[in-house]
There are 2 protein chains.
Amino acid sequence: METKVSTTPEDWAATYRRDCPSRTVVELLANKWGLYVLAALRRHGRPMRFSELRRLLDGITQKMLTQTLRALERDGLVTRTVYPTVPPRVEYALTELGVEAGRLTDAIGTWSVEHARQILAARRDFDDRAAIPPQPVGPTGTGPAR
Amino acid sequence: METKVSTTPEDWAATYRRDCPSRTVVELLANKWGLYVLAALRRHGRPMRFSELRRLLDGITQKMLTQTLRALERDGLVTRTVYPTVPPRVEYALTELGVEAGRLTDAIGTWSVEHARQILAARRDFDDRAAIPPQPVGPTGTGPAR
DNA sequence: CGGGATCCTGTATGATACTG
DNA sequence: CAGTATCATACAGGATCCCG
């Protein structure tokens, strides 16, 4: 209530409908590679080459990178410029829209880094608690050596 | 304002490494259901019941919802409270951390709604351009009709 | 170098049924 | 109601090979 956004609860309800167009947009951003590519391009501040992105994003395959870039290009978040030089040279740059989206994905990336430690701690904690032998019952051994 | 740890380009580089812990966090948020659940809880402003979430998030299966909530709980973003009433009643609430994360995912959801029209237009445009007949080549297909 | 096209497998996700 | 357990499968994603 304290936050003043232009979207109303009614808009949100529509968002949750599986046929809401915005869902396809969310799903574009809510995918690790799409998110990383956008964040990387935004942080880099200038166009990047295909291989540059590939090298930066550890673990991404050529297929996934191509696929991701295509999807982003298709939705108007990045532009693809081909320089017909001898060794082909293709650069990807963010559009205005892409920069905006990049701000959001960048924020997630940054937040994740800043809270990774805390979250991983909570995770270990949870796992430990779940690993406690299932034996709360009975006055038998307080500590079932199991 | 939260303690803003100045992120440097070097930090980012680490982010892109597949073994960077933050990646697991990103992947928690960068998934449509996780994103929607967080956003929904945040927008709702108060705890929600399992079935409430299920009804709201059109298309989510009980399995996915459970799985998503578990993951969020594990990472300390939501708390799970069970009221041992006759018909079981379980409520999910955001933790402080969850509220923060929710701000980010909410932002993505909101942005997606606000730009869906524009993005879908770009998408149609792209598809149309791609659909241009692969060259109404004149006489005798120059290329092997495969 | 920057992909396109294939092939192939693991996992994510869905559908269904059962339980406390 | 709020799950857990199972089974079935679609699709994401990895590995390869090839081409302009």
Is any side-chain N or O of B/Tyr92 closer than 4.0 Å to OP1 or OP2 of D/dC1?
no
Among the nucleotides D/dG3, C/dG2, C/dG4, whichever has the atom closest to the side chain of A/Thr66 is C/dG4
The reported gap from CD in A/Gln118 to CD in B/Glu96 (rounded to nearest 0.5 angstrom) is 9.5 Å
*asked:* Less than 4.5 Å apart, side chain to side chain, heavy atoms only: is that true for B/Val37 and B/Met64?
replied: no
Subject >> Residues A/Glu52, A/Arg54: salt bridge by 4.0 Å N-O rule >> reply: no
What residues 46-55 of chain B contributes to the DNA chain D interface at heavy-atom separation below 4.0 Å is B/Arg49, B/Phe50, B/Ser51
To the nearest angstrom, the CG-P distance between A/Leu72 and C/dG3 comes to 13 Å
Atom CD of A/Glu91 and atom P of C/dG3 are separated, to the nearest Å, by 11 Å
Taking five pairs at each terminus, the helix from C/dC1-D/dG20 to C/dG20-D/dC1 shows an axis bend, to 10°, of 50°
Of the candidates C/dG2, D/dA2, C/dG4, the side chain of A/Arg70 sits closest to C/dG4
B/S/- along nucleotides 7-20 of chain C (protein heavy atoms under 4.0 Å) is B-----BBBB---B
inquiry  = Please determine whether salt bridge (charged side-chain N to carboxylate O under 4.0 Å, His left out) holds for the pair B/Arg49 and B/Glu91, giving the CA-CA distance in whole Å, both sets of side-chain angles, and the decisive distance to 0.1 Å.
reply    = CA-CA 4 Å; B/Arg49 299 186 58 173; B/Glu91 288 196 339; 5.8 Å; no
Aromatic plane relationship, A/Tyr36 with B/Tyr16 - under 30° parallel, 30 to 60° tilted, over 60° perpendicular: perpendicular
* Asked: NA contact type, B/Tyr83, heavy-atom cut-off 4.0 Å: base, sugar-phosphate, or nothing?
  -> nothing
Check the side chains of A/Arg42 and A/Thr105 for a donor-acceptor pair under 3.5 angstrom, ignoring hydrogens and angles.
-> no
Taken to the nearest whole Å, CG/A/Leu57 to C1'/D/dG14 is 16 Å
Tell me whether B/Arg124 is salt-bridged to B/Asp128, with the criterion being a basic N under 4.0 Å from an acidic carboxylate O. no
Side chains of A/Ile108 and A/Ser112, heavy atoms from C-beta outward: is any pair under 4.5 Å? yes
Are B/Asp127 and B/Arg123 within salt-bridge range, i.e. N to O under 4.0 Å?
no
Margin query: Any salt bridge linking A/Glu100 with A/Arg103? Criterion: basic side-chain nitrogen under 4.0 Å from a carboxylate oxygen.
Written below: no
Taking side chain as C-beta onward, heavy atoms only, is B/Asp106 less than 4.5 Å from B/Leu38? no
Between CZ of A/Arg80 and C1' of C/dG2 the distance, given in whole Å, is 8 Å
